Structures are given as C-alpha cells and as structure tokens.
Protein chains: 2
Amino acid sequence: MTSDPAELLRQNALSVTAQRLAVLRAVSARPHGTADTIAEDVRAEIGVVSKQAVYNALGTLVEKGLIRRIQPAGSPALYEDRVGDNHHHVICRSCGKTGDIDCAVGESPCLTAAVGIGAGAGFQIDEAEVIYWGTCPACLAAKPGN
Amino acid sequence: MTSDPAELLRQNALSVTAQRLAVLRAVSARPHGTADTIAEDVRAEIGVVSKQAVYNALGTLVEKGLIRRIQPAGSPALYEDRVGDNHHHVICRSCGKTGDIDCAVGESPCLTAAVGIGAGAGFQIDEAEVIYWGTCPACLAAKPGN
DNA sequence: CTCAAAATATGGACTCTTTCAATAAAAATG
DNA sequence: CATTTTTATTGAAAGAGTCCATATTTTGAG
C-alpha cells in the first residue's frame, strides 16, 4: 500500500514538490473544492503559491488518476479525492452544495445500457458521467411556500 | 398542436421578435450548436444580431422549456431542439462530436436509482444529467495503432 | 391606426476561470 | 556536487458569459 503522498507521487513519475503535496492534502481535506478554494487552503499551509502551480498540480494529478475532476454546468471545476469507485454527484441548484451518490447499479451503471444505440452508435464509450440536479435539504427548508 | 413558432412564443407569454424566431429555427436546424454557431446562423438569416440578444433568447427559451441546454465539461454550452424525452448525450473526447442517446431505462433512468442514498440523502432531485464520454467512429478510425 | 407602457435588443465594458509563454527555481540523476 | 529535467512564478491573454445604460420594438388600449 502507498498511504504516503510523497511515495504516491514518485510511483507516478512525478517530482515531489511542496505544492503538489499541499494540493493533494487540500483536495482530501475538502472534497468538492474549486481550484480557488484549494489554492486558499494550500496557501494557508505553505504560504505563497502561484495560481498556475495549483492548476498544474491539479491537472497532473487528474491525469495520473490520483484525484478526480468534476465540471458541473455553470460552476468552476471541482476536485475530489475519491477515485476508482464510480460514484456520481448531486448538486443543489440554489446553493451549489455538492454530495456524493454511490452508484446503485454496480460497477459501470448507465454505461452498459447505452453502447451502440441510436445516434451514439459506434462510439467507444469510456466513461458515464452522471450529475443529479436538485435542491438540498437546507435550501428546501429555506424555500418560500414550504 | 402548435407547430407555428410565433404561436409557440405567444403561448409562453413572450414577445414575438425576429431574433427569437431565428434562434428557434437555428436551434432546430443545427442540434448541438453553441451560442456562437447559433449566432452565426441567425445572422445569416436576419442580418445583424447582438450576441446578447442570442444569449437572451437562448436563456429565455430554455427557461420556458422550448429548447434544452447541455453544458459539457470543457466546452461551451450546446443547445438542442429535443425536449421532454429524457435522452442523454455522448461526446467524442477528440473531436467534440455530440450525439443523442435514447434512455435505455424508461422515463427517468438513473434518477430513481439514487434518491436518498449516501451523502445525497434528503436532496429533492429533479433531473439526472448523463453524459457518456468516449471516441466517435471517425476518430477511432483515425487513431494510430488501430 | 396611434400612442404610451412594457418587453427586447444593442454595444461595449467587464468578470471569472483557465491557459499560454518566458524566465527562474527546485528536484532528480549520476 | 554539477548537470539535466521537471516545476513554479509572473504576467499577459483567451474564451464564454454577464451587466448596464440606452435605443428599439412589441404589445395593447384607446
């Protein structure tokens, strides 16, 4: 097992830098954070970091599969720690709160259902991205006419 | 039935303007177009149109449910004609080609599967957005090592 | 058909997120 | 340690959308 972040980076042929380690920590500490909030967290930990370094680190880590990027409509990209377990997301339309939803249909849910149907015929599908849109409990309670 | 676009607008309490009619036509004529390509089509039809008018029209039409907006990660928003039939989309990672995929699981597919599970508990979900990512036939053929 | 009120469109500035590029600074390598 | 390679920094800039004040159209009522 590789629970050591530095070791994790080395295993992926990446230099071990303070920035990357801090980004990695920030992402686990605050799932569903944006590049911006992550940058803040990183700065709180190691001082000055360029915005670009954060974007680079996030991009590289996503490429290597160490973290996952979610890009919901109308909001900046979010990053999270949980990878490889095919889960989906639910996002609140009014406050933007994001939650995880485990896939109810085994490994690759809707994925299998769609291959080679209709206009999508012939596509080689490698990922099914599912986002549930709705209203979170807090916003439901705050809504008028409730 | 209301096959007349102008009538459609009136039924939704919208003023009938040349811009809106042209936008409506452009969206049906070219499904999965971006605000930009739609603006081009509209200009080809009625001459000068401000970018803002196109965004306004698109926004309003989406609100009224006359067209649908899709916002794939890493690309501008796309608009399409087909509404109310709960279909999904497949997007090619290399060329961006977008296709429709009918839902294989009846009315609201993955939607029902998820309510009240895990961290998403308590959310009132109103839409399940599914995007399949992969490679289209053409790009598959063009790929090296094929 | 005509005019005032309401709804839209125009143009241009501006925001936000992300990327590019050149230079400087750290890591990895032997 | 010295060198080579990989990263980080900084500042500019692109892309997509939005905001605002003003000018035009539509609508609806005489």
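Naming: A, B, ... by sequence-line order, numbering from 1 per chain. If you're wondering where the values come from, they're calculated on a predicted model, not measured in any experiment. Scope of the values below: all heavy atoms of this structure, side chains included, with no hydrogens, waters or symmetry mates.
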Under 3.5 Å, is there a donor-acceptor pair between the side chain of [X] and the main chain of [Y]?
{"X": "A:Thr60", "Y": "A:Asn56", "value": "yes"}
{"X": "B:Arg20", "Y": "B:Ser15", "value": "yes"}
{"X": "A:Ser75", "Y": "A:Gln71", "value": "no"}

Selection: residues 56-71 of chain A, any non-hydrogen atom under 4.0 Å of DNA chain D | none
Interface with DNA chain D, restricted to residues 38-54 of chain B and to heavy atoms under 4.0 Å = B:Lys51, B:Gln52
Nearest of C:dT8, D:dT7, D:dG17 to any side-chain atom of B:Leu14?
-> C:dT8
State plainly whether the residues B:Arg10 and B:Glu7 are in salt-bridge range, i.e. N to O under 4.0 Å.
->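 So B:Arg10 pairs with B:Glu7 through a salt bridge.
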Answer yes or no: is there an ion pair linking A:Arg93 with B:Glu127, defined by an N-O contact shorter than 4.0 Å?
-> yes
Sugar-phosphate, base or nothing in reach of B:Ala77, heavy atoms under 4.0 Å |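 The answer is sugar-phosphate, as B:Ala77 gets under 4.0 Å only of primed atoms, P, OP1 or OP2.
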Return the 5'-most residue of the pair B:Gln19, A:Ser75 with respect to DNA chain C, ranking by each residue's nearest nucleotide.
->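 Taking each residue's closest nucleotide, the earlier one in sequence belongs to B:Gln19.
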Quick one: on DNA chain D, does B:Asp36 or B:Thr17 contact a more 5' nucleotide (nearest heavy atom)?
->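 Looking at the nearest nucleotide for each, B:Asp36 comes out on the 5' side.
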Under 4.5 Å between any side-chain heavy atoms of A:Pro5 and A:Leu21, yes or no?
->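 They are in contact (side-chain heavy atoms under 4.5 Å apart), so the answer is yes.
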How close or far is atom C1' of C:dA27 from atom CG of A:Asn12, stated in whole angstroms?
-> 17 Å
